[in-house]
Number of protein chains: 2
Amino acid sequence: MSKSRGLQEPSFLILTSLAHEPQHGYGIITDVERISQGEVRLRAGTLYAALDRLQSEGLIAEDREEIVDGRLRRYYRLTGEGGLRLAEEAARLQRNARTAVTRLRTRQAGGIA
Amino acid sequence: MSKSRGLQEPSFLILTSLAHEPQHGYGIITDVERISQGEVRLRAGTLYAALDRLQSEGLIAEDREEIVDGRLRRYYRLTGEGGLRLAEEAARLQRNARTAVTRLRTRQAGGIA
DNA sequence: TTCGCATATGCCGACCATCGGTATATAAAG
DNA sequence: CTTTATATACCGATGGTCGGCATATGCGAA
């Protein structure tokens with residue numbers, strides 16, 4: 001287990017991608033690009049390093065392996081701990097976003113606006 | 001000007017802290033701790049480095065300086081560009097959080113959690 | 001038939017924001 | 001007299017991400 005500090009956006013989106021159902025590495029890359037509306041394109045280096053790290057932290061686990069067209073597909077799934085963690089992080093993001101929006105609305109001019 | 005990559009949580013909260021009205025460095029530290037409900041304690045190194053960076057990116061600007069009890073207070077304010085950027089980031093966080101929550105709700109068992 | 005693209009996993013060096021500690025200084029509290 | 005709070009600032013270490021590369025298969029285009 002680990003000490004759980006804040007998740008970066010790529011890691012958050014990887015967990016999100018696994019929240020509905022298990023996926024394999026390359027599937028996560030395309031899924032993350034889709035759910036972020038093309039804004040986040042995971043690099044292979046980022047993905048597989050993150051997968052190893054998240055697994056060693058107990059947030060995800062290997063689900064199964066398949067071979068399709070001679071290519072290996074290694075599926076990962078969210079663990080119970082990973083689900084809790086993702087829910088916590090989502091709540092944090094929502095709170096941060098809400099605070100920012102509220103403060104932007106009640107803005108007071110500083111010096112020169 | 002800048003290249004606008006994703007903002008980390010500390011930087012996001014610094015901008016949020018300045019969104020309502022100008023603040024000085026130490027005030028930002030206490031404010032961020034408050035709005036994050038004690039979860040994020042900015043280190044001095046993080047804060048002043050971030051302040052320099054955000055200023056060089058045009059997201060914040062020096063507002064004024066005051067001397068209180070023989071101690072300097074340097075106030076910063078959010079620029080117009082900084083406000084736009086913060087609003088964009090807040091929208092992204094909200095979207096990411098919503099996606100995660102939705103997926104967690106429609107969860108399909110992978111193997112054993 | 002060879003080139004490029006999509007699929008698929010994985011390694012490795014570089015970058016840089018954050019972390020953690022330290023330095024400096026004043027004033028109030030213990 | 002030392003700790004805590006206020007206040008700014010530098011610096012080395014950490015670590016997640018970036019960007020590129022390697023490897024391999026199958027498919028469609030030039």
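Every chain is numbered from 1, with letters handed out A, B, ... down the list of sequences. Computed from heavy atoms alone, side chains included, the values below leave out hydrogens, waters and symmetry copies.
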Completion exercise
In B/S/- notation (B base, S sugar-phosphate only, - none; protein heavy atoms under 4.0 Å), nucleotides 16-23 of chain D written 5' to 3' is SSBBB---
Problem - Per-nucleotide protein contact string for nucleotides 24-30 of chain C, where B marks a base within reach and S marks sugar-phosphate only (heavy atoms under 4.0 Å, - for neither) - result: --B----
For [X] and [N], give me the distance from atom [atom1] to atom [atom2], rounded to whole Å.
X      : N       : atom1 : atom2 : value
E65(A) : dA8(C)  : CD    : P     : 14 Å
R73(A) : dG10(C) : CZ    : P     : 14 Å
I29(A) : dT9(C)  : CD1   : P     : 8 Å
D52(B) : dC10(D) : CG    : P     : 7 Å
R74(B) : dA7(D)  : CZ    : C1'   : 10 Å
Y75(A) : dT9(C)  : OH    : C1'   : 14 Å
L72(A) : dA8(C)  : CG    : P     : 10 Å
Y26(A) : dG10(C) : OH    : C1'   : 15 Å

Hey, are [X] and [Y] close enough for a salt bridge, meaning a charged N less than 4.0 Å from a carboxylate O?
X       : Y      : answer
E89(A)  : R85(A) : yes
R103(B) : D31(A) : yes
R77(B)  : E62(B) : no

Excluding sequence neighbours, so at least two apart, what forms side chain to side chain contact (heavy atoms under 4.5 Å, CB included) with [X]?
X      : result
R64(A) : P22(A), E66(A), Y75(A)
S36(A) : L13(A), E39(A), V40(A), R95(B)
E21(B) : Q108(A)

For the side chain of [X] and the backbone of [Y], is there at least one donor-acceptor N/O pair under 3.5 Å apart?
X       : Y      : result
S11(A)  : L7(A)  : no
T16(B)  : F12(B) : yes
T79(A)  : G58(A) : yes
R107(A) : L78(B) : yes

Problem - Neighbour count >12 (heavy atoms, 6.0 Å) for atom CZ, R41(B) - result: no
Completion exercise
Within residues 89-101 of chain B, those residues having any heavy atom closer than 4.0 Å to DNA chain D are none
